[in-house]
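Within every chain, numbering begins at 1; the chains are lettered A, B, ... in the order of the sequence lines, protein sequences first and strands thereafter.
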2 protein chains.
Amino acid sequence: MREAATAEARPYHHGDLRRALVDAARRILEGEGPSALSLRAVAREAGVSPAAPYHHFKDKGELLDAVAHVGWDMLGEAMTSAKGRTGDPAAHMTEIGVAYVQFSRAHPALYRVMYDCSRDKDMLPEGMQDNEDSAYCQVRETFRALAGPTVAEVDIELATIAAWCAAHGLAEMTSFRQFDPLKDGLGGEEGFLRAVLGHLGMFPAARAKAGGNG
Amino acid sequence: MREAATAEARPYHHGDLRRALVDAARRILEGEGPSALSLRAVAREAGVSPAAPYHHFKDKGELLDAVAHVGWDMLGEAMTSAKGRTGDPAAHMTEIGVAYVQFSRAHPALYRVMYDCSRDKDMLPEGMQDNEDSAYCQVRETFRALAGPTVAEVDIELATIAAWCAAHGLAEMTSFRQFDPLKDGLGGEEGFLRAVLGHLGMFPAARAKAGGNG
DNA sequence: AAGATCATCTTGACGCCGTTCAGATCGGTG
DNA sequence: CACCGATCTGAACGGCGTCAAGATGATCTT
C-alpha cells in the first residue's frame, strides 16, 4: 500500500524494482510475519504484477535470499556496535551475545527467514561463512584476541561455534512467552539473557554479573 | 503407496485413519522432507480423499501437532535411555546432550516440525512444558540431582534453559555440511558434538574429555 | 430384523499460491 | 528515427488448504 501509492508516478518501468521488492518483503515480514510472505503479496505490496519479480529473481527463494542478506548485514552491524560500547575486551563476548539475541527479538520474522532459506539449501547462512567481514568471523576474531597465542586454532574455532550455538539457541528459546515470569524476576529480558549466558561457559563477564544477581 | 496398498482392503471407512495419517505424514517427512508435507500429499499417501483428514483434525496445523507429539515422545525416550547408559551421574548431562543432538540428526525433518509448529503459535514446544515427564523436566531433574540442596531454584531453572539452548543451537548448527572437515579432525560427528559441548559450561564431563582430545 | 442415527468418507468447488509464456511497453543504441 | 533488449502485464496451469453437500456404512434402538 505505502509503496503502491508512490508507484503511481512510475507508470510502467519501475526503475529500481529489485530493491523495492526486497523492501516490500521486509514490510510484510515486520507487519504480518513469515506466513504472509508470498511472492504475490510482495508484488502486490510493491504495486506490480505477480510475474514482475521474475525479471529480478530466479524464483521466490532468491528473493528470500536477498532479504536474508539484508538481515545478516543488519545483524553484523548490531554486533559491531555492541562490541564498541564497552572498553573491556573480556566483556566483548557477552555484549556481542546480548546484541545477537536482542536483534533476533527485534526482528523475529527476519531472523527466521535468515536461517530458513539457508536450511533449505543445506548451506551455512551468509553471516556464518568464512568471508572477511561475516558476523561469525567477528566472533572468532574476538575469541582469538582474548585467547592469546597459546590456544590452538581448533579450539578457537570450537569456542566460536559453541558461542554461536548458545546465542542461536537462546534467540529461539527467549521468544516463548512462557519464560516471561522468569524474566520479570531477573530485571526484564536483558537480565534474563545475561543470566542464561552466565550459565554458559564462554561468557565470563556475564557469569560474574549473574553470580552477583543471584 | 505402502499404505495405499493395504488400504484397498478397507473400502470406505478406514478404521484408524487418524493414526494412519500421522504415520503417512512421518513417512513423507523421512522420505521427502518438510517442504513436501502438504495435507493433500498426506491424504494421498494414506489412500484417502483430500477432505478426509478434516474429520480427524481441525486443520493442517493440528495434524502437524500430532506428528510433533510423536517426535517429542521419541526424543524423551532417547534422552532417558542415554542417561541410563552411564553409571556416572556427572556424565548424565553430557550423554543427554549428545542424545538430543543425535536425535535431531537422525530425524531432521521431524525435529524441524517439532519446533516449527510451536513457533507458529508462540508457545513452548510440548517437550519443554512443565508436564511431569517432559524432556525438559528430565534435564531439570538431572541438574537438581547434581546441584545439591544449596543451589537456588532459579539457578537450576536457568541452567536447564542454558543447556537446552546449547543443545538446540548445536542441533541446528551441526546440520550444516561446512563443518564436515572439522568433524573429520575430531573423530567424526560424535567427537565434534562432545568437543563443542566441552566448550559450554554445563557439560563438565564433556569438557574434561574434550581437553584430553585437544 | 428393520429402520433411524451419526460419524466417516467422497466429490466438487473456491480462492490463493508459485511459475510460465506470449505479448505490450519503454529506455537506450545504431 | 528505427530497432532491440530489458522490463512489465495478463492469462493460464497445476497444486495447495479448506469447506459444503451428498454418499456410505457401522451402530443403536425398537
Side-chain angles (χ1 to χ4, degrees), chain A residues 1 3-25 28-29 31-68 109 113 116-117 120-121, chain B residues 1 3-25 28-29 31-68 109 113 116-117 120-121:
Chain A
M1 279 302 179
E3 183 62 29
T6 69
E8 290 170 11
R10 318 185 180 177
Y12 206 98
H13 282 35
H14 186 288
D16 195 5
L17 183 55
R18 191 193 150 92
R19 173 174 305 269
L21 287 168
V22 174
D23 290 347
I28 293 174
L29 274 181
E32 310 175 58
S35 66
L37 191 68
S38 69
L39 195 61
R40 290 177 107 103
V42 172
R44 225 175 290 141
E45 169 80 14
V48 295
S49 81
Y54 286 89
H55 293 272
H56 301 271
F57 303 99
K58 187 170 77 45
D59 53 16
K60 184 186 180 183
E62 254 192 15
L63 168 57
L64 294 190
D65 285 346
V67 174
V113 168
D116 276 354
C117 67
D120 291 338
K121 296 177 299 191
Chain B
M1 279 295 182
E3 184 61 28
T6 70
E8 290 172 10
R10 318 184 181 177
Y12 205 97
H13 282 33
H14 186 287
D16 195 4
L17 183 55
R18 190 193 150 91
R19 174 174 303 272
L21 287 168
V22 174
D23 290 348
I28 293 174
L29 274 180
E32 310 175 57
S35 67
L37 192 67
S38 69
L39 195 61
R40 293 178 107 102
V42 173
R44 224 175 291 141
E45 169 80 14
V48 295
S49 81
Y54 285 88
H55 293 270
H56 301 270
F57 302 99
K58 186 170 80 42
D59 54 15
K60 183 186 180 183
E62 253 193 15
L63 169 57
L64 295 190
D65 285 346
V67 174
V113 168
D116 277 352
C117 67
D120 292 338
K121 296 176 298 191

Without decimals, in angstroms, what is the distance between Leu17(A) CG and dT25(C) P? 19 Å

Contact nearer the 5' end of DNA chain C, comparing Ala52(B) with Tyr54(A): Ala52(B)

Can you give me the closest heavy-atom contact between Ala52(A) and Leu17(A), atom names plus distance? CB-CD2, 4.0 Å

I'd like a table of atom pairs between the protein and nucleotides 13-17 of chain C - only N or O on both sides, under 3.5 Å - with the distance next to each one.
{"residue": "dC17(C)", "atom": "OP1", "partner": "Ser38(A)", "partner atom": "OG", "Å": "2.9"}
{"residue": "dC17(C)", "atom": "OP2", "partner": "Arg44(A)", "partner atom": "NH2", "Å": "2.5"}

In terms of heavy-atom contacts, Ala66(B) and Arg18(B) come closest through CB-NH2, 4.0 Å

Within this structure, what is the NE2-to-P distance between His55(A) and dG23(C), rounded to whole angstrom? 15 Å

In the structure I gave you, are the side-chain heavy atoms of Asp120(B) and Ser35(A) within less than 4.5 Å of one another anywhere? no

Rounded to the nearest angstrom, tell me the gap between atom CG in Asp59(A) and atom P in dT19(C). 5 Å

Find the distance Leu37(B):CG to dG15(D):P and express it as a whole number of Å. 17 Å

Taking the side chain as everything from C-beta on, heavy atoms only, tell me whether Phe57(B) gets closer than 4.5 Å to Asp65(B). no

Measure the OG-CZ distance between Ser49(A) and Arg40(A) for me, rounded to the nearest 0.5 Å. 9.5 Å

Rounded to whole Å, please give me the gap between CZ in Arg18(A) and P in dC8(D). 13 Å

Cys117(B) and Ala68(B) have their tightest heavy-atom pair at SG-CB, 3.7 Å

Taking CZ from Phe57(A) and P from dT19(C), how many angstroms apart are they, rounded to a whole number? 13 Å

Glu45(B) CD to dC16(D) P, straight-line distance once rounded to whole Å: 13 Å

Gap between atom CD of Glu45(B) and atom CG of Leu37(B) - 0.5 Å precision: 10.5 Å

Is His56(A) near enough to dC8(D) that one of its side-chain N or O atoms lies under 4.0 angstrom from OP1 or OP2? yes

Distance in Å, Lys121(B) NZ paired with Asp116(B) CG, rounded so as to fall on 0.5 Å steps: 11.5 Å

Lys58(B) NZ to dT18(D) C1', in whole Å, measures 11 Å

Provide a list of protein-nucleic acid N or O atom pairs under 3.5 angstrom, restricted to nucleotides 4-6 of chain C.
none

Residue from Val67(B), Leu29(B), Leu21(B), Leu64(B) passing side-chain contact (heavy atoms from CB on, under 4.5 Å) with Val42(B): Leu21(B)

